[in-house]
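Worksheet: the structure to be examined is printed underneath.
Naming convention: chains lettered A, B, ... in sequence-line order (proteins, then strands); numbering from 1 in each chain.
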Amino acid sequence: MDTTTHAAPPAAAGPLSLHGLSVEGVNQCVHCGLCLAYCPTFSELGTEMDSPRGRIFMIKSLAEGRMSLSDSTVRHLSLCLDCRACETVCPAGVPYGRLIEAAKAEIERDRPGALGRRLFRWLNFGLLLGHPRLLGLAASGARFYQASGLQRLVRKSGLVRLLPGTLPAWEALLPPVPAKAERTAPPRVTPAEGPRRARVALLTGCVQSVIFAAHNRATARVLAKNGCEVIVPDGQGCCGALNAHGGDHERALAMARKTIDAFESARADAVVVNTSGCGAHMKAYGHLLAADRGYAERAKRFAASVRDLAEFLAQEPLRGSLSSVPLTCTYHDPCHVAHGQKIKSEPRTLLAQIPGLRVVELAESDWCCGSAGIYNLTEPEMATRLLHRKVSHVLATGAEAVVTANPGCILQIQAGLGAHGSAVRVLHLVEILDRAYGGPGGAQ
Amino acid sequence: MPDALLDKLRAAVGAANLLTGVELSPYVVEGRTPEAAVFPGSIEEVAVVMALASQVGRSVTPWGGGTAASVGMPAPRAGLIMGLRRLGRLLDHEPGDLTATVEAGMTVAALQTALGSRGQWLSLDPADADRATIGGVLATNACGPRRHLYGTARDLLIGVTVVTADGSIVKGGGKVVKNVAGYDLPKLFIGSYGTLGVIVEATVKLRPLPGQEELVCVRFDRLKDAGAAVRAIAASDLLPNAVELLDGAAAAGAGLAAGSPTPGGLLVVGFDGVREQVDWQRAELARLTGPLGGRDVRPLEVAAWARLTPAARAAFGATAAVMALAVLPSQVAETMEQGAGIARGRGLQSAWAAHAGVGVVRGAVASDPAPTDPAALAAVLAEWREMARAGGGHANLEWAPLVVKSQVPVWDDPGAAGRIMERIKAQLDPRNILNPGRFVAGI
Amino acid sequence: MSPLTDTRKRELRRELESIVGQAAVLSDPDELMVYESDGLTLFRALADFVVFPTSAQHVSAVVKLANRENLPFVARGAGTGLSGGCLPTEGGIVISMMRMNRVLEVDYENQIAVVEPGLVNLHLSWKVGPRGYYYAPDPSSQQACTIGGNIANNSGGPHTLKYGVTTNHVLGLEVVMPDGEIVWLGGKTREACGYDLAGVFVGSEGTFGIATRIVVRILKKPQAVKTVLAVFDAIDQASAAVSAIIARGLVPAAMEMIDRLTIQAVEDAFNCGYPRDADAALLIELDGLAVGMDTQAEHIVAACRESGAREVRTARSEAERQLLWKGRKSAFGAYGRVSPAYMVMDGVIPRTKLPYVLRRVNEIVAAAGLRVGNVFHAGDGNLHPNILYDPRKPGEEARVVAAGAEIMKVCAQVGGSISGEHGIGLEKADFMPFIFSAADLALMHRLKSAFNVSGLCNPGKIFPTKKSCVEVGPVAYRPHAIEEKGLAQRF
Ligand SMILES: Cc1cc2nc3c(=O)[nH]c(=O)nc-3n(C[C@H](O)[C@H](O)[C@H](O)COP(=O)(O)OP(=O)(O)OC[C@H]3O[C@@H](n4cnc5c(N)ncnc54)[C@H](O)[C@@H]3O)c2cc1C
Ligand code: SF4
Ligand code: SF4
């Protein structure tokens with residue numbers, strides 16, 4: 001009896017890599033399948049190629065030269081959300097996130113644009129994310145588009161369907177851009193209140209600084225209440241997470257270096273991040289820049305200082321006096337907090353300290369909502385299916401608000417709830433905390 | 001039967017172990033006398049006898065204690081009785097493994113005594129344990145009240161040796177408690193009524209004997225309320241080893257209806273474990289059943305266990321028929337009431353007893369004081385069967401005179417699955433010599 | 001490889017699409033390759049098509065088409081099987097059940113559920129959990145494997161010791177027979193009508209047809225649970241503790257053993273609280289009534305101490321208990337941290353033979369120059385020696401297979417079996433003669449012929465050789481590949 005009916009994988013051929021990035025991690029996968037039912041795309045489709053095990057198999061086969069980058073392979077790899085739910089459950093410790101990033105970089109090299117993101121990338125990665133000022137301008141444009149009623153007109157008239165490619169989905173998700181006054185960043189330095197705990201540097205992000213500037217200001221206030229001196233370093237831009245996930249490896253490296261440069265000078269005890277994707281990505285700078293002589297050591301040190309906001313705050317009981325927030329809420333775990341950084345209990349610990357707040361558990365709380373960076377724009381169909389799933393779980397809890405910690409999730413889930421005609425609101429964790437501390441005018 | 005064949009059989013098993021002529025009277029079933037009865041003393045002898053019978057196309061009826069000999073249709077042609085009483089040894093008992101291997105002709109009671117001396121038991125409690133043999137119990141899938149917690153033969157048999165129609169000695173399963181190598185042959189032979197092979201040896205899982213055991217009964221004025229109590233027990237934390245439900249007539253038949261008036265329903269529940277567990281459960285049972293109309297909670301004597309399974313049949317001096325209905329546990333009381341109503345509607349008296357927690361219900365029709373009108377009886381039985389089927393179950397005639405069996409099929413219709421059963425029979429017994437015609441679908 | 005021409009394939013694809021829909025047929029070679037293995041990567045086979053039915057009617061129509069075309073077909077669940085059971089050894093159609101994954105009905109009063117076969121085992125317990133019920137069979141792969149795969153392999157799990165394996169929990173099945181007919185075997189009641197076909201179907205490894213609906217029992221969650229971890233400095237002491245517990249007349253709900261290498265792997269994976277320096281640990285669970293549980297636990301603790309346990313502790317919280325179980329259930333996967341591949345054996349032995357067999361296992365593996373991790377159902381005597389190896393090192397795979405065969409022989413010699421729960425599949429087919437005679441196998445083959453008349457349903461599995469046993473009768477002997485290579489002998 002033979003153990004195989006067709007060509008077997010080649011024996012030992014040196015370390016496996018794609019696009020110069022090591023994918024040796026594929027050998028850790030023992031094909032046990034324990035990850036399958038936790039993968040959102042596999043759960044929706046039931047197809048092995050859209051499962052973690054299948055994707056790892058494809059990545060391995062690509063690296064071994066057993067498979068080529070065919071249309072179908074590209075298709076299944078790009079359908080991956082990069083949510084890393086599979087990493088959390090994998091007992092073998094397969095570093096899935098790194099593998100898929102390498103695969104996406106390879107796809108990008110082999111067939112630029114195959115990921116269906118060219119337009120978007122040009123628009124966003126290259127131009128806007130790299131240039132905060134331009135991003136600001138674009139934001140003004142978007143705000144004009146919304147505020148002027150043009151958006152309603154375009155939507156109503158069906159013009160939206162004439163927009164190119166994936167734009168219609170994008171358009172629907174376009175967040176309400178706040179007026180300029182509300183887009184101001186937190187002060188460069190916020191002094192600590194009470195006994196001093198630490199000096200922290202705050203990442204104010206890119207998309208975040210435009211759409212959710214209020215969250216950053218709230219973050220600075222909450223940190224200050226908890227004894228932190230908060231610095232907002234100059235010269236920071238985008239951390240490069242979106243580029244890395246989108247297969248734009250070169251630009252991701254450049255952005256990482258720039259971020260390190262900007263933060264090192266702040267000489268903070270910790271770099272605090274309130275957007276999950278950025279936090280997870282920055283914690284991986286050490287790996288990302290490992291081959292860069294000039295930066296390898298600095299990147300490691302920097303990465304070790306990065307803390308998710310909840311992770312940082314939950315180290316101690318919340319300080320100061322908290323007023324009641326009479327609300328029933330549920331918590332959605334952003335992928336890059338729960339899976340990317342393995343932070344699950346901390347946000348719940350914080351919420352539990354807020355008087356008056358009732359927290360109910362959400363089914364599949366750590367399942368991707370479909371936002372996944374720019375996934376909802378590039379893979380609208382799957383994103384919609386997952387959003388649907390998320391929204392129905394949210395509605396089943398009966399909560400009045402969903403608390404989460406990532407701008408992408410907030411936009412996505414809010415859009416989903418809106419489409420269901422639901423009044424449930426989506427809030428950032430820091431908004432709730434800030435409210436308990438009394439908000440911008442918070443006393444004491 | 002040709003003398004040449006008899007000689008060969010004698011040569012195979014020894015003259016003393018072959019019966020013919022008037023000696024066959026204990027083996028007459030439904031008035032039919034077999035041609036001969038052979039009592040092989042080893043598995044190899046069983047195989048030789050089978051091979052001989054197969055060569056000449058004689059039908060073979062495996063015979064353990066004869067307690068179920070009249071179940072099913074009798075063989076259309078006379079043939080051989082294959083008596084297994086000489087295969088009566090306990091071959092192996094390893095307490096540390098909680099397993100035992102036993103020959104098919106050993107009686108259940110003898111086996112339990114042997115195991116009990118080392119603190120273990122086979123958790124199967126069929127009626128007639130003194131006479132019923134392991135082989136027969138497996139072939140008929142017989143069981144008793146304790147199946148509620150411990151399951152039936154299918155949950156306990158881990159290995160089986162069978163002599164097939166062509167005289168091959170075949171084994172399935174093994175001696176270990178967990179085994180998925182090959183098809184699950186033990187399942188195939190359990191409840192196959194000797195139509196696929198002669199079971200000659202079995203390996204079973206054992207359990208440690210419980211420290212304490214107690215049977216408790218609760219009286220209800222209405223059977224319906226007792227049915228509600230059965231459901232309440234199922235939804236509770238109780239872990240009874242038996243949950244039996246008897247109507248007044250069956251309770252009287254089992255000698256459990258002490259006090260008057262006769263209860264509408266008697267709930268009998270068994271508990272085992274350490275003392276404190278039994279005590280807690282008895283109290284909990286009283287607490288649960290009280291609000292549902294349960295009264296007079298009291299322990300029963302040990303001897304009552306054995307009277308539970310045959311309770312319906314024991315209700316009357318003479319019984320016209322007994323039917324076993326498989327229904328959903330939640331439908332038990334309803335089935336009993338409705339079934340009794342159907343019989344009353346035709347002027348017949350019936351008695352009902354059930355392994356209520358698992359949905360196995362037995363209804364018996366009285367044939368005293370006057371002999372039952374066969375047409376009415378047939379109609380009642382047919383309606384009972386319909387009633388079981390309507391709830392997704394089925395019903396088999398467990399006991400009835402041949403006249404009734406020729407009017408109402410003994411076995412329920414297995415539907416499309418019957419074709420697979422026929423194919424299995426054709427594969428394993430192509431010449432149709434093992435208990436021909438006795439079983440489901442004419443097998 | 002497939003005998004189908006490209007044109008024929010295209011035509012068949014169109015026909016399959018007309019049955020199950022366009023998005024439910026795979027025929028792209030790259031996509032098919034992803035289906036080449038199950039949880040055991042030692043074996044690989046390519047299908048011509050993978051289809052994703054959503055109803056019994058779909059399955060029936062696909063099976064009828066396969067019959068018409070004389071194409072083999074095989075059902076596939078989650079593909080976590082560890083014996084190559086769902087591989088299309090002779091090409092043909094893989095019928096994936098993953099889109100038939102609904103819970104169709106739950107009847108709490110009668111404690112039964114009707115489910116589709118693609119339902120993930122654990123998801124049934126999740127579904128009925130809030131009402132206080134659960135589905136008892138708990139293979140360690142329960143977070144991923146399907147109930148259809150479970151019934152095919154008659155899967156077990158840690159709690160099998162008290163609650164039995166899958167077959168003890170299945171009442172009935174709707175099956176698409178190998179000729180395409182849809183038939184019910186058993187039903188919702190506890191008694192079978194006629195032969196116990198449902199009982200025979202369970203464990204038939206997908207060779208008797210494809211289950212499309214399954215009636216299973218659900219159980220009330222026990223009133224109380226106690227989980228004890230006993231730590232030993234020598235694995236023999238742990239084996240002795242297992243016997244000592246049984247000797248005291250106790251049958252715990254579960255009794256699992258984990259050896260040193262495995263402890264280290266799972267601690268690397270999830271930090272579950274097993275002491276890294278122990279030679280072996282026993283995870284023992286009691287469940288049932290709250291009264292009397294402490295007394296039983298004391299017995300367990302005493303038995304472990306008498307056998308030399310250096311530490312015995314009880315999980316203090318549900319979280320701690322869950323974590324200990326997570327470690328146990330993740331063990332196979334965790335080997336990925338210490339080795340790029342492993343081959344898991346599945347022998348069963350009478351539990352009194354544990355110390356002897358464990359010693360032999362270690363000797364055999366050491367002699368082959370390999371490492372072994374042991375994590376298994378000690379209470380049942382169901383061993384899982386996991387032989388670690390690196391498929392990229394020339395010759396290692398063959399040494400693993402040979403050592404595996406040796407271990408299976410040892411199990412057979414002490415009166416055990418070559419598979420306790422993973423099934424024979426492709427992997428152990430040629431080892432069946434270790435425990436079954438030609439007559440035994442011939443009878444099994446007759447039984448198979450009654451269900452699988454054409455032989456197209458999951459061919460090449462369970463029986464020792466591929467072609468020779470199509471005729472009923474003594475099974476012709478053909479050497480296993482590894483015997484031909486001189487790596488193992490038959491006895
Ligand atoms: C990490 C790990 C741990 C494991 N632990 C255990 C354990 O503790 N206990 C245990 O018993 N097993 C265990 N296994 C083995 C495996 O998970 C089981 O055999 C499981 O039942 C397979 O289910 P599946 O859905 O993956 O089936 P598959 O692997 O897809 O298929 C298995 C078999 O089922 C057949 N099949 C699938 N669906 C159907 C259907 N609807 N009708 C008919 N046949 C069908 C297939 O043809 C094949 O023969 C483990 C496996 C892994 C990887
Ligand atoms: S990724 Fe991890 S969990 Fe998934 S199959 Fe591979 S080893 Fe198993
Ligand atoms: S990252 Fe998410 S979508 Fe991608 S394979 Fe893992 S679980 Fe699936």
Checking heavy atoms, do the side chain of V165(C), its backbone, both or neither come under 4.5 Å from chain B? side chain
If I measure from the heavy atoms of chain C, does R154(B) come under 4.5 Å with its side chain, its backbone, both, or neither? both
Engaged part of D166(B) at the chain C interface, taking heavy atoms whose separation is under 4.5 Å: side chain
Value for CD1 (I169(B)) from OG (S437(C)), rounded to nearest 0.5 Å, stands at 9.5 Å
Can you tell me how far the CZ atom of R190(C) sits from the NE2 atom of H148(B), to the nearest 0.5 Å? 8.0 Å
Which pair of heavy atoms, one from T189(C) and one from A326(B), lies closest together, and at what distance? CG2-O, 3.6 Å
So, for G420(C) and K178(B), which heavy atoms are closest and what is the spacing to 0.1 Å? O-CG, 3.5 Å
Considering all heavy atoms of both residues, which atom of G96(B) and which atom of R351(C) are nearest to each other, and what is their separation? O-NE, 3.3 Å
If you count heavy-atom pairs within less than 4.5 Å of chain B, which of I349(C), I462(C), N154(C), T167(C) leads? T167(C)
My understanding is that only one of T207(C), L441(C), I424(C), V202(C) makes a side-chain contact (heavy atoms from CB on, under 4.5 Å) with Y183(B); could you say which? T207(C)
Inter-residue atom distance L328(B).CG - Q111(C).CD, 0.5 Å rounding: 12.0 Å
Please round to the nearest 0.5 Å and tell me the distance separating atom CG of N382(C) and atom CG of N179(B). 9.5 Å
Minimum heavy-atom distance L428(B)-L447(C), with the two atoms named: CD1-N, 4.5 Å
Would you say that D184(B) contacts V200(C) through its side chain, given a criterion of any heavy-atom pair below 4.5 Å between the two side chains? no
Answer with side chain, backbone, both or neither: which region of T99(B) has an atom nearer than 4.5 Å to a non-hydrogen atom of chain C? neither
Could you tell me whether the side chain of E276(B) reaches within less than 4.5 Å of the side chain of L289(C), counting heavy atoms only? no
Answer with side chain, backbone, both or neither: which region of I435(C) has an atom nearer than 4.5 Å to a non-hydrogen atom of chain B? both
What closest approach, in Å, do D440(C) and K171(B) show between heavy atoms, and which atom pair accounts for it? OD1-N, 2.8 Å
Below 4.5 Å from any heavy atom of chain C, which atoms of L185(B) appear? Answer side chain, backbone, both or neither. side chain
Could you state the interatomic distance from OG (S449(C)) to CZ (R423(B)), rounded to the nearest 0.5 Å? 10.0 Å
Under a 4.0 Å N-O cut-off, is there an ion pair linking R147(B) with E191(C)? yes
So for Q120(B), is it side chain, backbone, both, or neither that comes closer than 4.5 Å to the heavy atoms of chain C? neither
Would you indicate whether the side-chain heavy atoms of K220(C) and D237(B) approach each other to under 4.5 Å? yes
Chain C contact via V358(B) - side chain, backbone, both or neither, heavy atoms under 4.5 Å: both
Heaviest contributor of heavy-atom pairs below 4.5 Å to chain B, chosen from G203(C), S204(C), A247(C), G186(C), is S204(C)
Between atom CE of M444(C) and atom CG of L188(B), what is the distance when rounded to the nearest 0.5 Å? 11.0 Å
P95(B) versus chain C, heavy atoms under 4.5 Å apart: side chain, backbone, both or neither? backbone
Looking only at L161(C), N168(C), L185(C), the option with the highest number of non-hydrogen pairs under 4.5 Å against chain B is N168(C)
Just to verify, which of F439(B), Y193(B), F189(B), W411(B) counts as forming a ring-ring contact (aromatic ring centres under 6.0 Å, His included) with Y195(C)? F439(B)
Quick one: what part of D279(B) sits under 4.5 Å from any heavy atom of chain C, side chain, backbone, both or neither? neither
Name the region of R419(B), side chain, backbone, both or neither, that has any atom closer than 4.5 Å to a heavy atom of chain C. side chain
Contact class of V180(B) relative to chain C, heavy atoms under 4.5 angstrom: both
Determine the minimum heavy-atom distance between Q277(B) and G292(C), stating which atoms define it. NE2-CA, 4.1 Å
Checking heavy atoms, do the side chain of Y133(C), its backbone, both or neither come under 4.5 Å from chain B? side chain
Checking S243(C) against chain B: side chain, backbone, both or neither under 4.5 Å from a heavy atom? neither
Look only at the side chain of N110(C) and the backbone of S330(B), and say whether a donor-acceptor pair between them is shorter than 3.5 Å. yes
Can K187(B) and D196(C) be counted as an ion pair, charged N to O under 4.0 angstrom? no
